[in-house]
Asker: 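Quick one: this structure, given as structure tokens, is what I'll be asking you about.
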Amino acid sequence: MSAFKETIVFAVANHKGGVGKTTSVVNLADGFSREGLKVLVVDLDPQANASLHLGKIHPSRIEITCAELLLGGVDMLPNAVHEETNIEGVSLIYGSLGLGKAEDELQDHTPRPSEELRTKLEPADGVYDVILIDCPPSLKLLTSNALAAATHIIVPVESGSQYGLYGADDLLKHIEKIRRINPTVKMLGALLLKHDERQTVCKLLESTALKTFGEILPVRISTSTKVNQAAVMQQSLHALDRTSKVAREYRQLSTELIKMLGLTAKASEE
Ligand SMILES: Nc1ncnc2c1ncn2[C@@H]1O[C@H](COP(=O)(O)OP(=O)(O)O)[C@@H](O)[C@H]1O
Ligand SMILES: [Mg+2]
């Protein structure tokens, strides 16, 4: 069973690298927070790109990152959460290079190695409206931990590439395995990124993604050089240029998800 009754926990997962997981986590966090929701980003990637984007401190200087949280005691959460980030209303648990080693240690020393994150995040249920987990580009234990903690899964897919769905079956098989420990997790579907509906490859990929994942999220994200620019500037796309197409698309995606899941700002009212 999912440990979360009040908080929606998104795992943003795809073991392919460079598809737009981190970009989507950062800009959905921004969109949700603009809608008045209380948001926590959990960076489970050893490369810590979400932390470099959102964090005010360099990940190497953070004492309690996801690595320490995963291996530490159950009362560690409050010390792992940083409320000050580059996006107002978004809190962060940093990722770090140490996550690679933590993954090995979890495997060797924990009885239920896939369930550590869920256990550690459980006290956050009801404290945040939304938790977004940024996954590493692999299908190993860190991603298993994200999928086991999640209430909902989003799979970013690069739609402008003919290889965009390469490995999708492995991901789906992995999710099916995780259902043994998290039977209620919902697949929200593929999020098409770097999408251009005029291109044949995008159209083809869209129909295959629908068959593969069963669902496609109702907003597609187009290709834009603003994405890289925003990461370099440590800003959201909205903050960089609110009138840009890609900023608008991420805003729309957040409001669609809010509608689809009936998300309300419960946590913030307290
Ligand atoms: N919609 C987009 N348009 C153009 N470039 C993008 C877009 N989304 C992501 N990128 C770029 O692609 C690269 C990978 O994105 P990222 O979000 O880090 O992927 P992942 O987390 O899956 O590895 C980055 O350089 C990012 O700037
Ligand atoms: Mg990433």
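Atoms within each ligand, like the ligands themselves, are counted from 1 in listed order. The figures that follow rest on heavy atoms only: side chains count, while hydrogens, waters and symmetry mates do not.
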Asker: With respect to V227, determine whether any N or O atom, backbone or side chain, lies less than 3.5 Å from an N or O atom of ligand 1.
Answerer: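 Between V227 and ligand 1 (N or O atoms, distance only) the closest approach is not under 3.5 Å.
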Asker: Distance-only, no hydrogens or angles: does the T151 side chain make a donor-acceptor pair with backbone N or O of V9 under 3.5 Å?
Answerer: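 Pair found, side chain donor or acceptor close to backbone of V9.
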Asker: What about N49: any of its N or O atoms under 3.5 Å from an N or O on ligand 1?
Answerer: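 For ligand 1, there is no N or O atom that lies under 3.5 Å from one belonging to N49.
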Asker: Taking 2.8 Å as the cut-off, does an N/O/S atom of T22 lie below it from the Mg ion (ligand 2)?
Answerer: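 It does: T22 brings an N, O or S atom closer than 2.8 Å to the Mg ion (ligand 2).
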Asker: Would you say the side-chain atoms of D196 pair up with the backbone N or O of S222, donor to acceptor, closer than 3.5 Å?
Answerer: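 Pair absent, no side-chain N/O of D196 close to backbone of S222.
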Asker: Atom CZ of residue position R242 - does it have more than 12 heavy atoms of other residues, nucleotides or ligands inside 6.0 Å?
Answerer: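 It does not: R242 CZ has 12 such atoms or fewer within range.
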Asker: Has the side chain of S159 got a donor or acceptor atom that lies under 3.5 Å from a matching backbone atom of L192?
Answerer: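 No; judged by distance alone, with no hydrogens or angles, the pair does not exist.
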Asker: Using protein heavy atoms only, decide if any is under 4.0 Å from atom 24 (C) of ligand 1.
Answerer: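 No, there is no protein heavy atom closer to it than 4.0 Å.
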Asker: Show which atoms of ligand 1 fall inside a sub-4.0 Å distance from at least one heavy-atom site of G20.
Answerer: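 Within the 4.0 Å cut-off of G20, ligand 1 contributes 15 (O), 16 (P), 17 (O), 19 (O), 20 (P), 22 (O).
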Asker: Look only at interatomic distance and state if S24 has a nitrogen or oxygen under 3.5 Å from any nitrogen or oxygen of ligand 1.
Answerer: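 Between S24 and ligand 1 (N or O atoms, distance only) the closest approach is not under 3.5 Å.
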Asker: Note the single closest protein heavy atom to atom 4 (C) of ligand 1, along with its residue, its atom name and the distance in Å.
Answerer: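 In this structure, atom 4 (C) of ligand 1 has S224 O, 3.1 Å as its nearest protein heavy atom.
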Asker: Just wondering, more than 12 heavy atoms not from Q229 lying within 6.0 Å of its CD?
Answerer: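 Enclosed.
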Asker: Which of the atoms of ligand 1 are close to S222, meaning less than 4.0 Å from one of its heavy atoms?
Answerer: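 Contacts of ligand 1 toward S222, numbered from 1: 1 (N), 2 (C), 3 (N).
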Asker: What's the shortest heavy-atom distance between S33 and E88, and which atoms?
Answerer: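 Closest approach of S33 to E88: OG-O, 2.8 Å.
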Asker: Check for me whether L193 has a heavy atom closer than 4.0 Å to any atom of ligand 1.
Answerer: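 For ligand 1, residue contact (heavy atoms, under 4.0 Å) with L193 is absent.
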Asker: Polar contacts were defined as any N/O atom of the residue lying under 3.5 Å from an N/O atom of the ligand; does this apply to G18 and ligand 1?
Answerer: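 N/O-N/O distance under 3.5 Å: yes.
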Asker: Pairs of nitrogen or oxygen atoms closer than 3.5 Å, one from T22 and one from ligand 1: do any exist?
Answerer: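 Yes; the residue has a nitrogen or oxygen that sits under 3.5 Å from a nitrogen or oxygen of the ligand.
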Asker: Which of the listed options, K16, K245, K194, holds the heavy atom that is closest to atom 10 (N) of ligand 1?
Answerer: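 Nearest heavy atom to atom 10 (N) of ligand 1 lies in K194.
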Asker: Of the protein's non-hydrogen atoms, which lies at the shortest distance from atom 17 (O) of ligand 1, and what is that distance?
Answerer: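 The closest heavy atom on the protein side is T23 OG1, 2.6 Å.
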Asker: Which ligand 1 atoms, with their elements, are less than 4.0 angstrom from a heavy-atom of T223?
Answerer: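 Every atom of ligand 1 under 4.0 Å from some heavy atom of T223: 3 (N), 4 (C).
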Asker: Keeping the roles fixed (side chain from S51, backbone from G95), state whether a donor-acceptor pair exists under 3.5 Å.
Answerer: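 A pair under 3.5 Å: yes.
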Asker: Do any nitrogen or oxygen atoms of K21 lie less than 3.5 angstrom from nitrogen or oxygen atoms of ligand 1?
Answerer: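 There is such a contact, yes.
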Asker: Do any N or O atoms from the side chain of T7 and from the backbone of Y128 form a donor-acceptor pair under 3.5 angstrom?
Answerer: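 Indeed, once roles are kept as given, a pair shorter than 3.5 Å links the two residues.
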Asker: Quick one: sort the H82 and Y94 rings into parallel, tilted or perpendicular, breaks at 30° and 60°.
Answerer: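 Rings of H82 and Y94: perpendicular, as their planes differ by over 60°.
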Asker: Do D169 and K173 sit within salt-bridge range, that is, some charged N less than 4.0 Å from a carboxylate O?
Answerer: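 Here D169 does not pair with K173 in a salt bridge, since their nearest N and O are not under 4.0 Å apart.
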